[in-house]
Structure formats: C-alpha cells, structure tokens
Amino acid sequence: MGKVAATDVSSQAGMTIAVIGGGIVGVSCALRLQSLGHQVTVYDRKGLAAEASAGNAGAFAFSEIIPLATPGMMRKAPKWLLDPMGPLSIPPRYALQLTPWLLRFWRASWQDRYAASMSAQAALMGLARAALERQISDTDGESLIQRDGQLQLFEGEKEYRASLPAWEVRGANGTRFDLLQNPDEIAEIQPGLSRQFTHAGYTPDWINTVDPKTWCEYLAGQFLSRGGRIEVQEVKSLSADRSSVALDLGSHKITPDRVVLAAGAWSHHLARGLGDVLPLETERGYNTTLPAGAFDLRTHVTFGSHGFVASKINGGVRIGGAVELGGLKLPPNYKRSEVLLKKACRFMPGLDSSDGTQWMGFRPSMPDSLPVIGASTASDAVIYAFGHGHLGLTQSAATAELVADLIRARPPEIALAAVSPQRF
C-alpha cells in the first residue's frame, strides 16, 4: 500500500471530504472544513453524539494540562487497582490484554516523557480555548455555554499542599486561579458542601456546556443548515493507494478526496487497515444524571482524590468520573455509578439522588494522555483525529482547526510532533 503524495491544496476549494465519526470531534472537524468551502459528509454507525459525546461531564477543561501518567503514579496504581470501585481500576479479565498499553503508560510517567507531554498539552489547551471562542462566535452558540468556574476540593492541609506544584504549573501556563484555605471561603462559592473539604482551588474561567449532547447536536444542526450531510452508516474499512482513498460502506465504496478519521474509541481498528497500529485503549467513564432541583450547584465541582465531578446539566446535576480500563466488549459495571453517587451524597448533604439516569461511555485514550492528530503513514489524504481521552469536548474545536491546516497543507498553529501518529 503506497503513500499518496502530499499536495499543496491551500488554493483548492470544493474538495469532497468524508469525516468518520459523528461525535464532537468529528462534527467540529466537519463544520470547520465546510467553512473553508469543502463538501463534507459525516459517517457514523450510530448517529450523532451516540457515544462519549452523549453523556460526558460537559466541561471544557482547559486548565487540565497534567497527564494522567505522572511521575510516581505507578507506585500508587497497585493500591487503586486492588479496589474495584476505586478511581482507577482494571477488570481482572482484561488485565492481560491491557499489559502492552500499561507498559507504555508507565514509560510516559518518566520525568522526560511527562514533561514533554505536559508542554504539548499546554500548547494544545491554549489553542483549544481560543478555538472554542471562535466556534461559539461562528455558530452563535453562547446560549449553550455556562461560564460558572470550577472548584477543585481537598481534604486537609496535606492533600492541599501536595496539589500546590500542579497549581504552579497551571499558573505558569496562563490559568487564573484562587486558592481557598477554609470551608467558609469554599461555601461562598459553593454552599452545601461537607466541611471535610477544608481547602480548594477555584478557576473562574472554567467553561461548561449546558449539555454535551445538545452542544454536539447544535453544531451538527449548523453544519446541516449550511449544506453538510450526515449519514448513519458504518464504515467497514478504509484503504488507500498511490492515487486515492476509499471507504467501504458494505453495500458500496466511495472515494472522497480526503478522509478524517475521528471515530473515538473505534478509530484504531480502521487505522490498522492502513498499516498504523496505534496503542489506543478505552477509558470507560460512568455517571448518574439527576433532574433539575437535585442540588443548588453553582459551579463545576471536582472531588479530585475520589476521581469524580459534579457538573450542571440542563439544570440538573451529573455525578460522574473515575477510570475503568476495560475495553469495548465487557458489559458495563454500573456499581461504579452507584458508588460515585453514594459518595456525592456524603460530600453534598442535601443532594436528592432519586430519579437518576445511569450512563457509561467509552473514552479513547492514549498512554501519554495526548491525542493522535496527523496523517496516516499510508496516505497524506487520511488525517487522524482521535485519542483525546476525557478531553475530547475540550479539544474538539482546536482539533478541527489543526485538521483543516493539515488538509490545506498549511503550517499548523502549534507543533504537532507530540501528537503525531508516528510518535509510537
């Protein structure tokens, strides 16, 4: 399978582009490419926002530049992994299959790789913040945005002190924050929390959407109203030769000028058909969404040491988080949702936990916490845009701009070596 030669398409308009994936990354890419004059069709096997984009916490977490694999984390991992309901778990029947990914994860936690990943993440987050504002303005989407800040809570002086280096890093990369050192200060921002949380960091510029599914559907509506197409159709395989790329849709094949692969946790299966074996794993996230009136939540609240958050969704409350590295095939373990909700009831006295809706989603995760954005080794006409982990919503608008730069053969706004498909 030969590599299609790169061409300068900066002056070309009206190319046919197929975007594989109808989640927030795929839809954002489609909308951006459409704005540049291309004819874009989105293909998804289930339809719009049917997977991770449907039920995530709805946060644009631009301050979260620290990778999951941090120095010393592997010393903590055994304790977490022994607790099947802890913030990080691996189902025993999936552990052997996960071993190659875990070895890369361990290597990513070494100081040299960790520092490089954090620097790359900071650059991507800087672009993401600006790109989101451009996207909101272009689509007149401000009514679906909540600018209520975020409160990260700590239990006691020791836990708070341990967090200070991370706050210094965030501050050095442009994040505004206030450090709170008693429960009364915390209550001024978010009343009704347990006083066991004695310290906090407050990031006033934190942004959420009122509902991630609604936001994705809104952007898709803008895309459709401007002449785009969305087809509920599974792409069976992806192939390329020296002159073309092709999508096998089962009943027939299509040959667009360019392809963007943004199929989330399923992306690596299609990439493998082009000869690219990428270490993507599935971070299974759980949550429970409570109806309006469940709690007077005034800001996004992060219970960091417990691995979950509380966010405002359509006037209600979504309690979710944790990391279960369990692949795509194992059935959901909704006991994880129940454990998180029970903790939330302790930490948020007065929370009405009745009438909740449980959900589990697949986050596509790379061992170094960075996405894959770049051309396939088989063809410059195929651009990868996946592997964002729990930051897909956060980085979707930035990914769209970078993908558009790659397709137009223009220098991207940030260096892409750290997110290249070839880094592995």
Side-chain angles (χ1 to χ4, degrees), residues 1-50 135 138-139 216 219-264 266-267 269-271 273-276 372-386 396-397 399-410 412 421:
M1 189 179 292
K3 185 177 176 74
V4 176
T7 56
D8 183 354
V9 297
S10 59
S11 62
Q12 296 181 23
M15 287 194 297
T16 58
I17 300 177
V19 176
I20 305 173
I24 189 61
V25 174
V27 168
S28 293
C29 288
L31 190 59
R32 175 64 176 169
L33 291 165
Q34 180 189 61
S35 74
L36 299 173
H38 302 303
Q39 302 169 48
V40 186
T41 302
V42 174
Y43 296 89
D44 193 280
R45 64 193 181 92
K46 286 189 175 180
L48 283 172
Q135 187 180 63
D138 178 62
T139 62
C216 187
L219 295 181
Q222 294 287 307
F223 170 69
L224 290 170
S225 71
R226 300 174 188 187
R229 293 173 55 213
I230 297 174
E231 295 192 13
V232 181
Q233 176 74 60
E234 182 178 4
V235 177
K236 302 290 186 179
S237 65
L238 182 59
S239 58
D241 58 29
R242 294 190 64 82
S243 60
S244 66
V245 293
L247 276 64
D248 181 358
L249 301 179
S251 60
H252 65 287
K253 291 186 177 182
I254 61 170
T255 55
D257 297 317
R258 298 290 185 270
V259 173
V260 178
L261 178 53
W266 289 264
S267 299
H269 297 307
L270 290 172
L274 295 176
D276 293 324
V372 174
I373 304 173
S376 164
T377 58
S379 171
D380 288 337
V382 179
I383 303 298
Y384 295 152
F386 57 82
S396 54
T399 299
E401 293 190 0
L402 294 170
V403 165
D405 288 339
L406 290 167
I407 284 180
R408 294 188 296 167
R410 291 189 174 183

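These figures come from a predicted structure and were not determined experimentally.
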inquiry  = For Val25 versus Ala262, what's the shortest heavy-atom pair and its separation?
reply    = CG1-CB, 4.1 Å

remark   = Residues Leu36 and Ala404: closest non-hydrogen pair is CD1-CB, 3.7 Å

key: side chain to side chain contact (heavy atoms under 4.5 Å, CB included) between Tyr43 and Glu234, worked out   = CA-CA 7 Å; Tyr43 296 89; Glu234 182 178 4; over 6 Å; no

request  = Working to the nearest 0.5 Å, report the span between CZ of Arg258 and CD1 of Ile17.
outcome  = 8.0 Å

request  = Hey, could you give me the CG/CG distance between Leu48 and Leu224, rounded to the nearest 0.5 Å?
outcome  = 7.0 Å

ask   = Just by modelled atom types, is the Thr377 backbone N or O under 3.5 Å from a matching donor or acceptor in the Asp276 side chain?
value = yes

note = Here the gap from Leu238 atom CG to Ser376 atom OG, rounded to the nearest 0.5 Å, amounts to 7.5 Å

request  = Using the test side-chain hydrogen bond (donor to acceptor under 3.5 Å, both in side chains), find all partners of Thr16 that sit at least two apart in sequence or belong to another chain.
outcome  = Asp257

task = Work out which heavy atom in Cys29 is nearest to a heavy atom in Ala385; give both atom names and the distance.
result = SG-CB, 4.5 Å

Under the side-chain hydrogen bond (donor to acceptor under 3.5 Å, both in side chains) test, residues paired with Arg226 that sit two or more places apart = Asp138, Gln222

Backbone N/O of Asp44 and side chain of Glu231: donor-acceptor pair under 3.5 Å = no

message = How close do Lys236 and Leu270 get, counting heavy atoms only, and between which atoms?
response = O-CD2, 3.9 Å

ask   = Which heavy-atom pair separates Val42 from Ala30 by the least distance, and what is that distance?
value = CG2-CB, 3.5 Å

message = Any heavy-atom pair between the side chains of Leu406 and Ile373 that's under 4.5 Å?
response = yes

query = Can you tell me how far OG1 of Thr139 sits from CG of Leu31, rounded to the nearest 0.5 angstrom?
reply = 7.0 Å

key: Which atom of Cys216 lies closest to which atom of Gly23, heavy atoms considered   = SG-C, 3.7 Å

key: Sequence-distant partners of Gln135, side-chain hydrogen bond (donor to acceptor under 3.5 Å, both in side chains), two or more places apart   = Ser28

message = To the closest 0.5 Å, what do you measure between CZ (Phe223) and CZ (Arg229)?
response = 9.0 Å

Only pairs under 3.5 Å count here: list side-chain donor-acceptor contacts from residues 246-256, not counting sequence neighbours, and write none if there are none.
{"from": "Asp248", "atom 1": "OD1", "to": "Gly250", "atom 2": "N", "distance (Å)": "2.8"}

key: Residue list, ring pair (Phe, Tyr, Trp, His ring centres under 6.0 Å) with Tyr384, at least two apart or on another chain   = Phe386

task = Answer yes or no: is there a side-chain heavy-atom contact under 4.5 Å between Val245 and Leu274?
result = no

message = The criterion is side-chain hydrogen bond (donor to acceptor under 3.5 Å, both in side chains); which residues satisfy it with Glu401, sequence neighbours excluded?
response = Arg134

message = Donor-acceptor check, side chain of Gln39 to backbone of Gly14, threshold 3.5 angstrom: yes or no?
response = yes

Distance in Å, Ile20 CD1 paired with Ser267 OG, rounded so as to fall on 0.5 Å steps = 8.5 Å

